[in-house]
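Letters A, B, ... mirror the listed sequences (proteins, then strands); counts begin at 1. In this text the structure is predicted, and so the values were computed from the model without any measurement.
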Amino acid sequence: MNYDFAAIEKKWQDNWEKTKPYRAVTGDPRPKFYGLIEFPYPSAQGLHVGHPRPFTAIDIVTRKKRMEGYNVLFPIGYDAFGLPTENYAIKNHIHPAIVTRDNIANFTRQLKMLGYGFDWDRCVNTSDPEYYKWTQWIFLQLFKHDMAYKATMAVNWCTSCKVVLANEEVVNGVCERCGGEVVQKEKSQWMLRITKYAQRLIDDLDDLDYIERVKVQQKNWIGRSTGADITFKTNMGEDVTVYTTRADTLFGTTYMVISPEHPLLKKWLPQIPNRAEVEAYQAEAARKSDFERGELNKDKTGVRLEGVEVINPVTHKPLPMFVSDYVLMGYGTGIVMGVPGHDQRDWEFATKFGLPIIEVVAGGDVTKEAFVAKDDSAVMVNSGFLNGMTVREAIPAMKKYVVEQGFGKEKVNYKLRDWVFSRQRYWGEPIPLVNCQKCGWVPIPEDQLPLVLPEVEAYEPTDDGESPLARMTDWVNTTCPCCGGPAKRETDTMPNWAGSSWYFLRYMDPDNDKELVSREAEEYWGPVDWYNGGMEHTTLHLLYSRFWHKFLYDIGVVHTKEPYAKRTSHGMILGENPYYVGNAKTEAEKEELVRLHGSLALRPSVKMSKSLGNVVNPDDVVKEFGADTLRLYIMFIGDFEKTATWSTNAVRGCKKFLDRCWNLMELAADSDEISAKNESIIHKTIKKVTGDIDELKMNTAIAALMALVNAFYANGLTKGDLSMLMLMLSPFAPHMVEEMWELTGFAAKKGKMAMQMAWPAYDEAKTIDANVEMAVQVNGKLKGTINVPVDSDEQTVMEAVKAVEKVHKAMDGMAIVKTILVKNKLINLIVKPAK
RNA sequence: GCCGGUGUGGUGGAAUGGUAGACACAGGAGACUUAAAAUCUCCCGGUAGUAAUACCGUACCGGUUCGAGUCCGGUCACCGGCACCA
């Protein structure tokens, strides 16, 4: 008989709604455990089948923690500001707040449908004024501590969204969200000084329990490099400074390059004879997007600055200077020393412009390509006092020299740029500042927060790149909080990363109207013990929130340097590819698929999308199989960290397993004792499941539970045996287990739900069998197995080996030269032909 | 180009240096049934063989080891991140 999942799941969800077994209690004497999943963006499409993967995993971890006696905080909320909602609102003429409200209601229904143990009383919504009041408050603190500043600079501009993007939001030269073209545009923007925290963001990773690839990716993104700033004299009245990581190659410098955007260039222009040519080049460079600049990198372009001479400080020879867009204004000093012998880009440039190439590190052929040694043991040549040194010795020697001679200093640089923090859109937190002609930028007094997002007629951004709020003249024109004179409000809003940078703190104390979080709550719950989220947020949300947290630590709001003690990451859920060539039956069909769909046809699985018709809706899955089955399947699907492909057939297998569990109730003998037959496998399973959940190896934990159920069918079982299965299965399939717990009478007997019971303990001694099966090998080849008492010595094992017929065959005419015994595992006989 | 990761049956995937393929899906056979579904039992890497069995087998080449899917060196393929960062 199959169980009626629809009725059972509804019954227990209603029960939990009323009895609130997932309530977290601040200050409770039990040890605390704070488990966190990335709160969803409430899109109009509803929950994607990918969401339940991380949600279920951490739900299982926190359910087990509760059973282990922890006071668990497992909260949920909504990251509700953002462009898709705004775009949807524009298209359908509905206010974004209403769209958001409806989407949140739908998400909430779906999350409750899946039976997650969230403490719903702590639910937050970043677009709620009571919430964003504190987002604005944090921004004001950043402003007051000179961590926020307004700067006019070239920024990434999405031509489709008509909005500024942070560096982190530009992917392959296009907009991360819409795939639209990104161009460089000069705009005045609010910036946050994340670069001030670059070193700490690297250093503090060491003490965190993050999966390694997250640490590596963050470190690469921050991109620390050590080198030196070196100053060159010029004939223009001003010196120029370059940054280099290869100070050792200074003798090989044969020219200089300046970025087209460099301010010095503007200053020098009137004195440059070929000014018109240079200006034309600058204009051309400005027109190119970053993407185009990168695409065209095979072909170096540039213009010589006629009349400009730069003196190499070690050779004292004059060097020509060029302007070229291969030098970036945003990194180092915006000026580079050209060392064509040992940098491939410089080599290409020098070759194109006929500049001399000097070999200063021996080992390559600089007439053919730049020689960039793989290790630093290559030897210096043509380099004065460095000659004969290895690169390893020459770098510090030259650094020391430039410092002593007064034309250089050691320098550390980062690829990380300051965070572009303003967006010209409506659906975001208003920036709580006003601009006064007399006082400049003035913060709104904190007691006037939140600065509520006003109602507007139209949400569309303007073509000139102003926020929709700019049209609200009533709202824009205000008075200066400082002098009372006329002032204008900032009309840009914050990026959607703002509200998510600190939401985990609000969960600790969600109703506090005096502080963003009370000291008491923060000290009790902080830091988050386990945070799981997507790899795509590694250099966005995860980095941003670490930065904000460090700032809040510095100003005394939080007591830990880091927000999250542990970070894990889940793989994506893909759909089956309907056009996969593997599905074709004939060669002709295969060819047709490849002809029609190209490389798409070669992948067995692809991202789910409407156009491919392979989207799986959690509502449908729950309707057909139940929430417990969906939970179980999404955990059984494979290695948690790896990409996995949805398979509806495999879902059926999980449903079958739950039915088999359910049907055990009829077979179980009426005894609360653990049966002798099943004792060993029960203890082994507890050990396995306990360890696997802690390591997020849910697939093997479930496999162990399946094996246990198979054993119950083979051996028979008692209700006591079944209760052990129920307790272990409870985090995975909470609805069905509670129903079974009640039907088997345990709920009445214990006066508790299964989820409130103690997690079963195992006895190590009982996980060890009296007898073990050992492999018998001859010269490393398996010949058979023997069954011997556990921990048998060599003599006993050898006695048992005599019974293995294949060993006799293999030993024919052979003599044993060595035996290798691995206790309880195998015995390996090394033999040689007997003389 | 640089940095990370992955590669195991028809499929998803298991294996602290120690019996490769646990647990499932799909497939096959059988039991029950008037029948189907459901359920239960058994088989299921390849080649040869009726079988016992033998040989081969964890992307490829080599090495270390009594023993390698696992460790080391190299190659190839795919996935993710970064990319004119001096």
Taking atom [atom2] of [N] as reference, at what distance in whole Å does atom [atom1] of [X] sit?
| X | N | atom1 | atom2 | result |
| --- | --- | --- | --- | --- |
| Y633(A) | rG12(B) | OH | P | 11 Å |
| K215(A) | rG81(B) | NZ | P | 22 Å |
| N699(A) | rG13(B) | CG | P | 9 Å |
| N779(A) | rC55(B) | CG | P | 12 Å |

Work out how far the [atom1] atom of [N] is from that of [M], and round it to whole angstrom.
| N | M | atom1 | value |
| --- | --- | --- | --- |
| rG49(B) | rC56(B) | C1' | 15 Å |
| rA20(B) | rA15(B) | C1' | 7 Å |
| rA26(B) | rU19(B) | C1' | 27 Å |
| rU41(B) | rA24(B) | P | 11 Å |

Look at all strands and tell whether [X] reaches a base, only sugar-phosphate, or nothing, counting heavy atoms closer than 4.0 Å.
| X | result |
| --- | --- |
| D639(A) | sugar-phosphate |
| K697(A) | sugar-phosphate |
| V216(A) | sugar-phosphate |
| S225(A) | sugar-phosphate |
| E773(A) | base |
| G332(A) | nothing |
| L826(A) | base |
| F636(A) | base |
| I820(A) | base |

Are [X] and [N] close enough that a side-chain N or O sits under 4.0 Å from OP1 or OP2?
| X | N | value |
| --- | --- | --- |
| R660(A) | rC40(B) | yes |
| N828(A) | rU19(B) | no |
| K656(A) | rC25(B) | yes |
| Y331(A) | rA86(B) | yes |

Salt bridge flag under 4.0 Å for residues K300(A) and D325(A)
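Salt bridge absent between K300(A) and D325(A).
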T244(A), nearest nucleotide to its side chain (from rA86(B), rU19(B), rG18(B)):
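Closest nucleotide to the T244(A) side chain: rA86(B).
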Of all the choices, rC66(B), rA24(B), rG18(B), which nucleotide is nearest to the side chain of M706(A) once you look at every atom?
rA24(B)
Side-chain donor/acceptor contact of K219(A) with base of rC3(B) under 3.5 Å:
no
Quick check: on RNA chain B, is the nucleotide nearest K818(A) upstream (toward 5') of the one nearest K806(A), or the reverse? Name the residue that is more 5'.
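Nearest-nucleotide comparison on RNA chain B picks K806(A).
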